[in-house]
Amino acid sequence: MKVVQQTIGISTRRRCEMADITEQVAGIVEESGIQNGQVTVYTPHTTAGITINENADLDVVHDILLTLEALVPAHRAGYQHSEGNSDAHVKSSLVGCSERILLEKGRLVLGTWQGIYFCEFDGPRSRKVIVQVLGE
Ligand code: ZN
């Protein structure tokens with residue numbers, strides 16, 4: 001059993017956006033030389049997330065962000081967090097801060113239309129994504 005861990009740096013440009021990091025994750029897997037096992041993609045931030053969804057039609061990303069915006073308004077009577085970014089914290093918890101992807105014969109087991117996304121909810125900022133490859 002081997003473990004390889006690397007960090008990806010991401011500079012986001014908007015308050016809310018989804019950045020496709022599939023190729024970067026696949027690159028870390030390839031460099032690791034690990035063929036079978038699993039990959040954990042994790043972001044150590046409270047106002048960001050990691051998700052897997054369609055990366056063919058970019059309108060899907062647009063619609064996900066639009067829906068999160070409708071579900072979790074930026075300003076709402078009753079928010080108490082003094083930093084003023086409560087919506088970003090709620091979106092982070094809804095989306096989650098990690099995903100685990102299976103690894104088979106050196107390849108990420110993703111569906112044809114699936115990509116791995118870093119989700120920014122309080123940008124623009126410099127962010128980190130930690131990728132851990134575990135297997136043999
Ligand atoms: Zn905050």
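Values in this document were obtained by computation on a predicted structure and should not be read as measured data. Atoms within a ligand are numbered from 1 in the order they appear, just like the ligands themselves.
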Exercise for the section: State, without any angle test, whether Asn53 and Thr51 hold a side-chain donor-acceptor pair at a distance under 3.5 Å. Expected result: no
Handout entry: For the Zn ion (ligand 1): the N/O/S atom of Glu83 at shortest distance
Key = OE1
Practice task
Kindly give the atom name of the N, O or S atom of His89 closest to the Zn ion (ligand 1).
Solution key: NE2
Handout entry: Metal site the Zn ion (ligand 1): N/O/S of Asn85 inside 2.8 Å
Key = yes
Exercise for the section: Could you tell me whether the Zn ion (ligand 1) has an N, O or S atom of Asp122 under 2.8 Å away? Expected result: no
Handout entry: Residue of the set His75, His81, Arg15, Arg76 for which side chain to side chain donor-acceptor pair (under 3.5 Å) holds with Asp87
Key = Arg15
Handout entry: Polar side-chain atom of Glu17 near backbone of Arg14 as donor-acceptor pair, under 3.5 Å
Key = yes
Exercise for the section: Check whether more than 12 heavy atoms from other residues, nucleotides or ligands sit under 6.0 Å from atom NZ of Lys128, and answer yes or no. Expected result: no
